[in-house]
Amino acid sequence: MNANFEIIEKEAIENLHFPEIDVLEGIEAINQRNSDLERALSLGNLEHSKIKIYFEDDYSKKVVETTIWGVTDKRVILKKGVVIPINRIYKSI
């Protein structure tokens, strides 16, 4: 999945702009994304494991390697209050 994704530092995410539209189509893909994020949250809280989050802002596809600190119904929360809207995430591994 890396081929089309630009690596970005977590600190740069707060400067990005995110459209409202979901990057995924289909309920199965969206459910899979949600369960992957919950798993990543558990790994972050229990083992402080970093994961890769593949997402898209209004400009291009990006990937960040980080620890997830929280998941709300609309956002993933990273360290220092940086957030990524869930509807802009393709995958987390």
Side-chain angles (χ1 to χ4, degrees):
M1 189 169 228
N2 276 358
N4 301 331
F5 288 81
E6 165 195 354
I7 296 170
I8 186 171
E9 295 299 319
K10 175 184 74 253
E11 293 75 19
I13 293 172
E14 60 193 1
N15 299 321
L16 303 179
H17 297 280
F18 297 99
E20 293 291 316
I21 192 164
D22 203 309
V23 295
L24 296 181
E25 293 180 20
I27 195 74
E28 285 181 29
I30 291 168
N31 287 340
Q32 183 64 53
R33 172 179 61 199
N34 292 341
S35 64
D36 289 347
L37 288 171
E38 290 296 331
R39 184 174 161 275
L41 174 62
S42 297
L43 286 173
N45 287 338
L46 297 172
E47 303 173 23
H48 304 286
S49 299
K50 288 190 173 188
I51 56 131
K52 289 182 179 165
I53 301 174
Y54 294 86
F55 66 99
E56 186 172 353
D57 65 355
D58 60 356
Y59 181 69
S60 65
K61 295 178 177 178
K62 298 175 172 51
V63 60
V64 63
E65 190 166 352
T66 188
T67 303
I68 292 181
W69 283 42
V71 177
T72 71
D73 56 341
K74 299 214 182 267
R75 295 185 190 93
V76 169
I77 304 164
L78 311 178
K79 199 184 280 188
K80 296 183 181 164
V82 175
V83 299
I84 301 173
I86 290 175
N87 66 337
R88 301 306 296 171
I89 297 173
Y90 285 98
K91 188 173 182 75
S92 59
I93 51 174

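Hydrogens, waters and symmetry mates play no part in the numbers below; they use all other heavy atoms, side chains included.
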I'd like to check [X] versus [Y] (side-chain heavy atoms, cut-off strictly below 4.5 Å). Are they in contact?
X     : Y     : result
Leu78 : Ile68 : yes
Lys61 : Tyr54 : no
Phe55 : Ile8  : yes
Lys52 : Phe5  : no

*Determine, step by step, whether Thr67 and Lys79 satisfy the side chain to side chain contact (heavy atoms under 4.5 Å, CB included) criterion, reporting the C-alpha distance in whole Å, the side-chain angles of both residues, the deciding distance to 0.1 Å, and the verdict.*
CA-CA 7 Å; Thr67 303; Lys79 199 184 280 188; 5.9 Å; no
*Ile77/Thr72 under side chain to side chain contact (heavy atoms under 4.5 Å, CB included): CA gap, chis, key distance, verdict*: CA-CA 8 Å; Ile77 304 164; Thr72 71; 3.9 Å; yes
State yes or no: do [X] and [Y] share one hydrophobic cluster built from I, L, V, M, F, W and Y residues joined by side-chain heavy-atom distances below 4.5 Å, directly or via other members?
X     : Y     : value
Ile30 : Val23 : yes
Phe18 : Val71 : yes
Val63 : Leu37 : no

Can you name the one residue among [options] that meets side chain to side chain contact (heavy atoms under 4.5 Å, CB included) with [X]?
X     : options             : value
Arg88 : Ile21, Asp22, Asp58 : Ile21
Lys62 : Leu16, Ile7, Ile84  : Leu16
Val82 : Val64, Val76, Ile13 : Ile13

Considering non-hydrogen atoms only, spot the tightest contact between [X] and [Y] and give its length.
X     : Y     : answer
Asn87 : Pro19 : ND2-O, 4.1 Å
Ser92 : Ile51 : CB-CD1, 3.8 Å
Glu11 : Glu14 : O-CG, 3.5 Å

*Above 12 or not: heavy atoms from other molecules or residues under 6.0 Å from NZ of Lys10?*
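Yes.
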*Inter-residue atom distance Glu65.CD - Glu9.CD, 0.5 Å rounding*: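 It is 10.0 Å, given to the nearest 0.5 Å.
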*Supply the atom-to-atom distance Asn15 CG to His17 NE2, rounded to the nearest 0.5 angstrom.*
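One finds 7.5 Å between CG of Asn15 and NE2 of His17.
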_Any donor-acceptor N or O pair under 3.5 Å, side chains Glu38, Asn34_ =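 No, Asn34 and Glu38 have no side-chain donor paired with an acceptor closer than 3.5 Å.
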*Return yes if some donor-acceptor pair links the side-chain N/O of Asp36 with the main-chain N/O of Ile93 below 3.5 Å, else return no.*
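Looks like no, no N/O pair under 3.5 Å.
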